[in-house]
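Here's the structure we're looking at; comments come further down.
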Amino acid sequence: QYVIVNGVVPFVTAVLTLASMLYVTARIDWRLAMLAILVLPVLLLLTETHRRGVRARWTRVKESESGALSVIQEVLASIRVVKAFGQEDRERDRFVRGARHALAEQLAVVGAETRLGLLVALALAVGTAAVLVVGARDVRSGTLTLGSLLLVMAYLAQLYRPLETISKKVAGLQSSLASAARAFSLLDEVPDVAERPQARPLARAAGRMTLRHVSFAYGKDRRVLDDVSFEVPAGTQVGIAGPTGAGKTTLLMLLARLIDPSDGEILLDGLDLRAYRLADLRNQIAVVLQEPVLFSTTIAENIAYGRPGASRQQIVDAAEAAHLDDFVMRLPDGYETEVGERGMALSGGERQRVSLARAFLRDAPIVLLDEPTSAVDTRSEAKILEAMQRLMQGRTCFMVAHRLSTLDICAVRLRLENGRLLAADDRVRVSAHG
Ligand SMILES: Nc1ncnc2c1ncn2[C@@H]1O[C@H](COP(=O)(O)OP(=O)(O)O)[C@@H](O)[C@H]1O
Ligand SMILES: [Mg+2]
């Protein structure tokens, strides 16, 4: 539709105007009409060359623009994963690269449009001048009346206007990129946690986790966790069950320090999470969410998301650990297969295994799993559970599930209800004073 309104209609108008102008002019003075018609092939040549060059460019502008925009969409949809894996800068770079590319292509288009505008104006000015010179001579010699010449000139102006509009269709494009940049600033606006000026570095945590009287409220009175206290030694697999809305996801977000407690404190290896450098802390953590978050790139890059620069062998090892290798080997492009926007080219179970492979490759001492099997079919569930069990080995894990029974693989099981910790077994200390 855009193409028709902005490209074809002015062109047809121009042609019709030209034809009628030639008809009228020819009836007044056929020599002037012939002169005016000389402009036509020049104009056709100019616009045709231009259209051909710009059409390809235009496609590239649209492509790179939507490329940059899809980065934003992905980031907004998966902000927790981006942050939990500490990849904010990479996403910003990805967007800036795309946007810069789109801008360069747009400038090239604008340049071409401007050149066309100038050349069209020049050709028309030359044509107009020629008609005027010849016509004025005829008026002086008495073969043409002044009124007729003015009429011819008026028609020429008519022709000029629609042709000029073609070269002025450029404005209004810059704005879409500007709005994209605004949307991206949301990454910074999502409620964030602050890093202390003297934050400690942390190479690799052991993984002992202590919660002391932790409460959390969204906003002022939206209390979700209420005085939660427990301690688990490093390397413990903790299962957390509870009904929807009990605060399970919120608890995991607190453990990853995506949010800070409203009251109380969370300690890692005996130190408050807030004492550590944020990037170092996030480096200790791998997350697997209910809805696996994939980015529209290759399987290999998706697996390596939490560990940029991983070798191919490491990626393959991680895929094998997640029972993903067989599936990938059957794909014609193997690890270079594009997973499509948000990984939609894969099934739920395949997506979840990619995110498990990602967690394996991350090799973090702490693993957070939020209802990792609730979105996969029962056939892949057994495989995924088996892979998950190995992922959890030797790491401090918090695995959330709707039902307690799915937490059999966990050494310790907790129950969360209405923001309060209800039941625990003897391997974990749940007490009022931590
Ligand atoms: N960003 C948020 N803002 C306000 N309320 C929220 C937000 N996220 C979750 N909640 C509320 O907090 C409660 C606990 O949510 P959540 O931790 O996701 O529970 P669960 O994972 O156990 O289902 C729910 O009532 C939910 O509506
Ligand atoms: Mg949840």
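Just so you know, ligand 1 is whichever comes first in the structure, and atom 1 is the first atom listed for that ligand. Since this is a predicted model, take the numbers as computed values, not measurements. Throughout, residue positions are numbered sequentially from 1 according to the sequence presented.
- In this model, a donor atom of one side chain and an acceptor atom of the other lie less than 3.5 Å apart for Y218 and T250.
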Please walk me through it: do K383 and E381 pass salt bridge (Lys or Arg N to Asp or Glu O under 4.0 Å)?
-> CA-CA 5 Å; K383 265 186 169 180; E381 189 175 1; over 6 Å; no

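- Side-chain contact between H213 and E265: absent, with no pair of heavy atoms (C-beta onward) separated by less than 4.5 Å.
- Under the 30°/60° scheme for interplanar angles, the aromatic rings of F295 and Y305 are found to lie parallel.
- From the protein, the heavy atom lying nearest to atom 21 (O) of ligand 1 is T249 OG1, 2.7 Å.
- The distance from ligand 1 to the heavy atoms of V224 drops below 4.0 Å at these ligand atoms: 12 (O), 13 (C), 14 (C).
- Looking at atom 19 (O) of ligand 1, its nearest protein heavy atom turns out to be G247 N, 3.2 Å.
- Closest of all the heavy-atom pairs between M399 and P372 is CE-CG, 4.2 Å.
- Given atom 23 (O) of ligand 1, the protein heavy atom at minimum distance is G245 N, 2.7 Å.
- Heavy-atom proximity to R222, at under 4.0 Å, picks out these atoms of ligand 1: 11 (C), 24 (C), 25 (O), 26 (C), 27 (O).
- In terms of N/O distances under 3.5 Å, ligand 1 is approached by T250.
- Contact check for M388 versus L356: side-chain heavy atoms found under the 4.5 Å cut-off.
- In the vicinity of T244, heavy-atom distances shorter than 4.0 Å reach the ligand 1 atoms 23 (O).
- For the Mg ion (ligand 2), the count of nearby protein N, O or S atoms, meaning those under 2.8 Å away, is 1.
- Residue contact check for ligand 1: G242 places no non-hydrogen atom closer than 4.0 Å to it.
- When hydrogens are left out, the protein atom nearest atom 9 (C) of ligand 1 is Y218 CE1, 3.4 Å; that is the closest non-hydrogen contact.
- Nearest approach of L361 to R307, heavy atoms of both residues: O-NH1, 2.6 Å.
- Across all non-hydrogen atoms, the minimal contact from G207 to D269 is N-OD1, 2.9 Å.
- Each of R351, Q352, R358 was checked for a side chain to side chain donor-acceptor pair (under 3.5 Å) with S355, and the lone residue meeting it is Q352.
- The backbone N or O of A234 lies less than 3.5 Å from no partner atom in the side chain of T396, so there is not a single donor-acceptor pair.
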